[in-house]
Amino acid sequence: MKSLLTSLTILLCFSNYVISQEKKDLVKPNIVIFYVDDLGWQDTELNDLDEPTPWETPNIIALAKEGINFTNGYSPAPTCAPSRAALLSGLHPTKTGVTHVSGGTLPKTTKRSNYVTPYYPIGLMPENFTIAEALKMNGYTTGHVGKWHVGALDIQKSTNQGFDFAYESRGAHQGPKREKNRINNFATHDKGDAYRLSDEKYPPFTKSSPNGISYPKDMVTEKALEFIKSSKDEPFFLYLAHWLVHAPIHTKNKELLQYYSDKLGVEMPTKDIPIKTGGQTNPFYGAMVTTLDWSLGRVVDLLKTTDDPRNPGKKLIETTYIIFSSDNGGVEKANGDIVTDNYPLDQGKKYAQEGGIRVPMVISGPHIPKDKTQDVLINQLDFFPTLLNLTNSTVPEEYGSDLDGLDISGVLLNNDKTVKDASGHEREDLWWHFPHNTDSQMQSALRHGEYKLYKNLIPDTYELYRLYKNGKREDLEEKHNIAAQNPEIVKDLSARLETYLEDYNAQMPYKDPSKFKGEDVASIPVITNDAFDAKSQSVTISIEKGKSKIVEAYALVRIVNANLKKKNGKNGKLGKHDSTLIKIPLESSKNNLEYTFTIPEDIIEYGVILIDENRFMVKSDFHKIN
């Protein structure tokens, strides 16, 4: 035993030494995270199962040949805002609280459910510590280009979250307006065209354009290139979060649209009507995917041709880690279009199934082996701790110890076959929580080895699927629920999932009192008094005695941008992104019949939310404060 322990210790020390020595070859490597919006696992040529995808992605493939393609790469959530908040903060969506898009609003039911989705914030707040802040305090110049979508208030802007530079317009992804539509809004070679077609030619090569085609000017791409050029004298971190390939599904590149129409054997669209053919047959979407690939190629080409002034004799491509991935799985339908098909993966965006969370993922950079494929489980939460290690960056303990991902440097640099935590324990699980939308979509999920477990939050049941068997594809389509035949596996995996949910205080859907009947409804708490004391700025809520026990209570208060504070006793006019509701705790009396809180300064509206032991949600009136 002693000999074995000694050998393991020597091996571990040697492994860390190799990583350390490799990192010493560089003076602070650069970082590029190329983050795509809604790109499915089957939308590139990386993981092309069954029928080959018609979408051509030569630059993504070329990047994979320079690094590692992770076939089991996952996003933290099945929608964009929670994944972005998680990637940037290194915190699981249940920890940031951002579990869906468009948060910061009053919880409500939809026509499709009897349940109220829990409150969740609209994005990251100043108390959240981002990867940009971490790298900035370690000497990096930081830039964000593209989509932010993790908070629109001034205090939530990217430049208040660690980024030195930001450009967040849509570029060529800007949709048609007014009389324009997607069949008459193509870019031209005219000098006055904001999206003027390039003089340079790029793939694909066609019969009519054997030297390649022109692409519309895309300011998202241009600003990314501009940031690299202006920042190369210092170590830089670029978070390029593309608006592509999110809806609206359109392109300004007429020649590329014609190319895909010809390739798919369909008529070039002449009317702006939805594409209803199934599978991957939407030429607009194909053009978007290849445009995205073109953008990546532009970034990589610049890195290849630009000298690194901090590392003489090297090009930037030799000193830059590039991470390519997507915020969630592909959206299969949007605005009447059939957009793409994630098959053989089940479902897509907004679902915890494989099609909603398994995403393309490629990582390349200094000392990373070329043209490798790894099947190890990776989550985008791993990016934060890994980048800290790869860049020899340190952060305050309070932030570093709270990260939910794991450092995958050993997989990247030492060809490790497993991901291990700081204690040397191998990763066994990845998990997700999505208590939103329809009842069937309200699920938590756990990936454990070859198995995938789902907890249906409504009703409280489990499903079990075996995605792989002895390393080979078994039920990647998730067609066969084997929970009934495998009670012991369900027991083990459900215990793991329930522990995560409890430890992270995962918020669950609540019952809407107006949509239920029965004796439980009669015992729902009733608010008998809702008083505000203007002098002390305190609110007191009283509850009728004899009703069901309250297990959770909080206030929602509305904050606004600082520039809209009261002037002459009046509030400025609120725009769409000028305010949000935030959650604050209440103090309860000993008998739990009275709840109080003090309204923070500059709040313009407040209300109270109560949850009883039967999971009914009770809302007080919401009051404006002049």
Centroid-centroid distance, [X] to [Y], less than 6.0 Å:
X	Y	answer
H623	Y606	yes
Y239	F383	no
H242	Y35	no

Q537 atom CD: more than 12 heavy-atom contacts under 6.0 Å:
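Check passes, neighbour count above 12.
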Are there over 12 heavy-atom neighbours, none belonging to N335, within less than 6.0 Å of that residue's CG?
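Count not over threshold, so no.
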Can you see which heavy atom on P509 is nearest to which on L457, and at what distance?
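The pair with the smallest heavy-atom distance is CD-CD1, 3.8 Å.
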Testing the basics here: between I550 and A553, what is the closest heavy-atom pair and its distance to 0.1 Å?
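For I550 versus A553, the nearest heavy atoms are CG2-CB, 4.3 Å.
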Please work out which of the three classes, parallel, tilted or perpendicular, describes the rings of W148 and F163, given edges at 30° and 60°.
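If you compare the ring of F163 with that of W148, the planes turn out perpendicular.
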Indicate yes or no: at least one non-hydrogen side-chain atom of [X] is less than 4.5 angstrom from one of [Y].
X	Y	answer
Q156	I122	yes
L610	I543	yes
T99	H436	yes

Polar contact flag, side-chain donor to acceptor under 3.5 angstrom, [X]-[Y]:
X	Y	value
H144	E168	yes
Y454	K452	yes
T53	Q42	no
Y465	E463	yes
S113	D439	yes
S83	Q380	no
D154	N160	no

Applying salt bridge (Lys or Arg N to Asp or Glu O under 4.0 Å), which residue pairs with at least one partner in residues 325-337 are found, sequence neighbours left out?
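Counting only pairs at least two positions apart or across chains, the salt bridge (Lys or Arg N to Asp or Glu O under 4.0 Å) contacts touching residues 325-337 are R84-D327, R182-D337.
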Looking at K547 and D612, is any side-chain nitrogen of the basic one under 4.0 Å from a carboxylate oxygen of the acidic one?
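Looking at K547 together with D612, the answer is no, because their closest N to O distance does not fall below 4.0 Å.
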Cation-aromatic face contact K511/F616, 6.0 Å, 45 degrees
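Satisfied, under 6.0 Å and within 45°.
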